[in-house]
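Note that the structure is a prediction, hence the values are computed from the model and not measured. Scope of the values below: all heavy atoms of this structure, side chains included, with no hydrogens, waters or symmetry mates.
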Amino acid sequence: MKKFLNKINEICKNYEKVAMFIDMDGTINEYTLYSESEILKKMGDNYKNVEPLPEVLEVLKEISKIPNIDLYILSLSKSNRITDEKDIWLEKYANFIPKEHWIILTKENGDYDSENRDQIKPLKMQEKLKQYEHSIFLDDDHKILRQAKTMLNNNVDVFHVTSALV
């Protein structure tokens, strides 16, 4: 954790204003894999009870104290019900990140679909880059991390969640 915190501090020293985008499922909380037929019901019924990853949340709390960084939640949700559950979960475990910085893209609302799923997070990050000099992305999905690096090039440092644990 200390090593990751040091890396983020170093990045922040090189830029005046930095945004850090953080995934939820499998990044700041445990991820349970459900079948496609069960996912809407099971996640909708159980999401607020998903276990947090305390080590990751602790390092993010420390990062939130860096004066020139803003933390954002950037998560995908299949339904409005799951989005509501994610809000409840964030209130409980990640309330150090301001609610106005919670970006939860909901498939049911047309925020993304199966064709743009891997690009939508980098696109949302790109929209915010107008306000920031640089961005950091923490996720557990290698495909989305690679897509972010490809789309945002030198404007982003990407980290797999395991980086936050060392």
Show the numbers, then the answer: is there a side-chain contact (heavy atoms from CB on, under 4.5 Å) between Phe4 and Leu165? CA-CA 7 Å; Phe4 181 68; Leu165 299 172; over 6 Å; no

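- For Asn14, there are no side chain to side chain contact (heavy atoms under 4.5 Å, CB included) partners two or more places apart in sequence or in a different chain.
- Under the 4.5 Å side-chain criterion, counting only non-hydrogen atoms from C-beta, Thr27 is not in contact with Asn29.
- Taking hydrophobic clusters as Ile, Leu, Val, Met, Phe, Trp and Tyr residues chained together by side-chain heavy-atom distances below 4.5 Å, Ile97 does not share a cluster with Ile88.
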Compile the donor-acceptor pairs under 3.5 Å between side chains in residues 59-70 and protein atoms, sequence neighbours left out, one pair per line.
unit_1	atom_1	unit_2	atom_2	d
Lys61	NZ	Glu58	OE2	3.4
Glu62	OE2	Lys65	NZ	3.2
Ser64	OG	Lys61	O	2.6
Asn68	ND2	Cys12	O	2.8
Asn68	ND2	Tyr15	O	2.7
Asn68	ND2	Glu16	O	3.4
Asp70	OD2	Tyr132	OH	2.6

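- A salt bridge links Lys48 with Glu85; the closest basic N to acidic carboxylate O contact falls under 4.0 Å.
- A search for side chain to side chain contact (heavy atoms under 4.5 Å, CB included) contacts involving Leu90 returns Met24, Ile28, Ile73, Ala94, Trp102, Ile104, not counting sequence neighbours.
- For the atom pair CG (Leu145) and NZ (Lys143), the distance works out to 13.0 Å, reported to the nearest 0.5 Å.
- Judged as a ring-ring contact (aromatic ring centres under 6.0 Å, His included), and not counting sequence neighbours, the contacts of Phe21 are Tyr72.
- The salt bridge (Lys or Arg N to Asp or Glu O under 4.0 Å) test applied to Lys130 returns no partner, not counting sequence neighbours.
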List the atom pairs, with distances to 0.1 Å, where a side-chain N or O of residues 120-128 and a protein N or O form a donor-acceptor pair under 3.5 Å, not counting sequence neighbours.
unit_1	atom_1	unit_2	atom_2	d
Lys121	NZ	Asp23	OD1	2.8
Lys121	NZ	Asp139	OD2	2.9

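- In the hydrophobic cluster analysis, where Ile, Leu, Val, Met, Phe, Trp and Tyr join through side-chain heavy atoms closer than 4.5 angstrom, Ile22 is grouped together with Val50.
- Residues satisfying the side-chain hydrogen bond (donor to acceptor under 3.5 Å, both in side chains) test with Thr83, not counting sequence neighbours, are Ser77, Thr106.
- Between Asp141 and Arg117, at least one side-chain N (NZ, or NE/NH1/NH2) sits under 4.0 Å from a carboxylate O, which counts as a salt bridge.
- Listed by chain and number, the residues in a salt bridge (Lys or Arg N to Asp or Glu O under 4.0 Å) with Lys149 amount to none (sequence neighbours excluded).
- With sequence neighbours excluded, no residue satisfies salt bridge (Lys or Arg N to Asp or Glu O under 4.0 Å) with Arg146.
- Summarising the geometry of Lys78 relative to Lys107, their closest heavy-atom pair is O-CB, 3.7 Å, with the distance given to 0.1 Å.
- Scanning all heavy atoms of the two residues, the minimum distance from Pro52 to Tyr93 falls at CG-CE2, 3.4 Å.
- In this structure, Phe96 is a member of the same hydrophobic cluster as Val18, with clusters built from ILVMFWY side-chain heavy atoms closer than 4.5 Å.
- Annotation: side-chain hydrogen bond (donor to acceptor under 3.5 Å, both in side chains) contacts of Ser75 (sequence neighbours excluded): Lys86.
- Here the straight-line distance linking atom CD of Glu30 with atom CD of Glu51 works out to 5.5 Å at 0.5 Å rounding.
- With sequence neighbours excluded, the residues forming a side-chain hydrogen bond (donor to acceptor under 3.5 Å, both in side chains) with Glu108 are Asn80, listed by chain and number.
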Taking distance alone, no hydrogens or angles, what donor-acceptor pairs closer than 3.5 Å link side-chain atoms of residues 151-160 to residues at least two apart or in another chain?
unit_1	atom_1	unit_2	atom_2	d
Asp157	OD2	His134	NE2	2.7
His160	ND1	Thr162	N	3.2
His160	ND1	Thr162	OG1	3.0
His160	NE2	Asp140	O	3.2

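- Atom CD of Glu115 has 12 or fewer heavy atoms from other residues, nucleotides or ligands within 6.0 Å.
- Counting only distance, with no hydrogens or angles, the side chain of Asn6 and the backbone of Lys2 share a donor-acceptor pair below 3.5 Å.
- Using a 4.5 Å cut-off between side-chain heavy atoms of Ile, Leu, Val, Met, Phe, Trp and Tyr, with links allowed through other members, Leu53 and Leu76 fall into different hydrophobic clusters.
- Screening Asp25, Asp84, Asp87 for a side-chain hydrogen bond (donor to acceptor under 3.5 Å, both in side chains) with Tyr47, the sole residue that qualifies is Asp25.
- Follow the hydrophobic side-chain contacts under 4.5 Å out from Ile103 and you never reach Leu71; the two are in separate clusters.
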